[in-house]
Amino acid sequence: MNRDEQECLYTIDQKQITTLIETEETTVLVTISGKNNQPLKVKKLLPQKQLTIHEKEQIVNYIADWFDLTTDIGPFYKIVENDPLLRPLLPSLYGLRIIGVPSLFEALCWAVLGQQINLAFAYRLKRDFIQTFGHSITYNNETYWTFPKVQDIAVLTTEQLLQVKMTKRKSEYIINIAKQIANKELSKTKLLQINDMDQIEKSLVNIRGIGPWTANYCMMRCLRDPNAFPVADVGLLNAVKRFKNLAEKPSKAEMLELSKNWTGYKAYATFYLWRGNNVL
DNA sequence: AGCCAGGAGATTT
DNA sequence: AAATCTCATGGC
């Protein structure tokens, strides 16, 4: 999780994560830590008042969702054992789960602003977006940010987003998505209720600015479909090219053939290949 | 300097 | 329908 120094939604030190988590009632600053095979420890730093059971539940649920703690990755590791491409990655990545983006708005914004630009620049855009339109609190001389609120972005003009180096089109996409979420046309609950992944993808792709890549990215990291698959993802193609020692990036047909073996866990295979780039 | 980046929509064929 | 062009800015 600490692959990017510009990440401002959480900090990591001494294998401990510090982040703001928003419940319906309040915003809570927590630290999350854990040792191998032991339950995660969550500690509240702010606010000082006692949290209600309801608030605590929301925080626990958020963290469980964020780290995908309820998915059984056993079947995925069966696949990995028999997959020459994934097997070498396992020693370094063992236990890794798909780090999610529980908020639909955040997931879609992050995907849209990352379209067709290099990751370093994407992180910069995200940081500038958050630090311009999000909210922060300071604790022990450290500033912690929350992602911009749907209502705040829905009322912006494209010109206001251009100031954080967003392109005009991305500005339009993001504001439009914010508007649809703000007026309840679009919500995570509604999407999940569709329950058929192909139909969910279709309804996402119907939204301007969301193509097959963004839809699958969102299904993978927010809607938690373990089989979502951004086939044409450049990072994925480059990872396959690298780990298979190919001269060129694999074709779509090759990717589809390769991914047959990952059926049920294509999102996990994708995530492991992405992260494989960082560890091998 | 030039290619390309965790794409999508519009236009042309 | 499928191929091609345009958007647009920065990293390397």
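A, B, ... follow the sequence lines: proteins, then strands. Residue 1 opens every chain. Computed from heavy atoms alone, side chains included, the values below leave out hydrogens, waters and symmetry copies.
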Using a 4.0 Å heavy-atom cut-off across all strands, classify P212(A) as base, sugar-phosphate, or nothing. sugar-phosphate
Would you mind telling me which of dC12(C), dG10(C), dT9(C) lies closest to the side-chain atoms of I117(A)? dT9(C)
Value for NZ (K202(A)) from CE (M197(A)), rounded to nearest 0.5 Å, stands at 14.5 Å
By ring pair (Phe, Tyr, Trp, His ring centres under 6.0 Å), Y173(A) pairs with (sequence neighbours left out) none
Taking ILVMFWY side chains as joined if any heavy atoms are under 4.5 angstrom apart, and letting links pass through other members, which residues group with I137(A)? L20(A), L29(A), L45(A), L46(A), Y139(A), Y144(A)
On DNA chain B, more 5' by nearest nucleotide between F271(A) and R208(A) is F271(A)
Quantified in whole Å, what is the P atom distance between nucleotide dT11(B) and nucleotide dA8(C)? 14 Å
Could you identify which residues of residues 84-110 of chain A place a heavy atom less than 4.0 Å from some atom of DNA chain B, listed by residue number, or say none? none
Residue set satisfying ring pair (Phe, Tyr, Trp, His ring centres under 6.0 Å) with Y77(A), at least two apart, ordered chain then number -> Y94(A)
Within residues 157-175 of chain A, residues whose heavy atoms come under 4.0 Å of DNA chain C: K165(A), T167(A), K168(A), R169(A)
Chain A contact limits on DNA chain B, taken 5' to 3' with a cut-off of 4.0 angstrom to heavy atoms: dA5(B) to dA10(B)
In chain order, what residues pass the side-chain contact (heavy atoms from CB on, under 4.5 Å) check against A111(A), with sequence neighbours excluded? W213(A), T214(A), Y217(A)
On DNA chain B, does the nearest nucleotide to G209(A) precede the nearest nucleotide to L236(A) from the 5' side, or the other way round? Give the residue. L236(A)
What's T214(A) touching, base or sugar-phosphate or nothing? Going by heavy atoms closer than 4.0 Å. sugar-phosphate
Applying ring pair (Phe, Tyr, Trp, His ring centres under 6.0 Å), name anything that partners F229(A), two or more places apart in sequence or on another chain. none
Q6(A) CD to dG11(C) C1', in whole Å, measures 12 Å
Please report the distance separating the C1' of dC5(C) from the corresponding atom of dG6(B), rounded so that it comes out in whole Å. 22 Å
Nearest-nucleotide wise, let me know which of A120(A) and Q116(A) is further upstream toward the 5' end of DNA chain C. Q116(A)
Using the test side-chain contact (heavy atoms from CB on, under 4.5 Å), find all partners of A269(A) that sit at least two apart in sequence or belong to another chain. F76(A), L86(A), W262(A)
Go through the structure and list residues passing side-chain contact (heavy atoms from CB on, under 4.5 Å) with P75(A), not counting sequence neighbours. D72(A), Y265(A)
With sequence neighbours left out, write down each residue that passes ring pair (Phe, Tyr, Trp, His ring centres under 6.0 Å) with F243(A), or none if nothing qualifies. none
Among residues at least two apart in sequence or on other chains, which ones pass side-chain contact (heavy atoms from CB on, under 4.5 Å) with D196(A)? D198(A), Q199(A)
Touch check for I207(A), heavy atoms < 4.0 angstrom, all strands: base, sugar-phosphate only, or nothing? sugar-phosphate
Looking at every strand, decide which applies to I210(A) at a 4.0 Å heavy-atom threshold: base, sugar-phosphate, or nothing. sugar-phosphate
CD of E106(A) to CD1 of I130(A), rounded to nearest 0.5 Å, is 6.5 Å
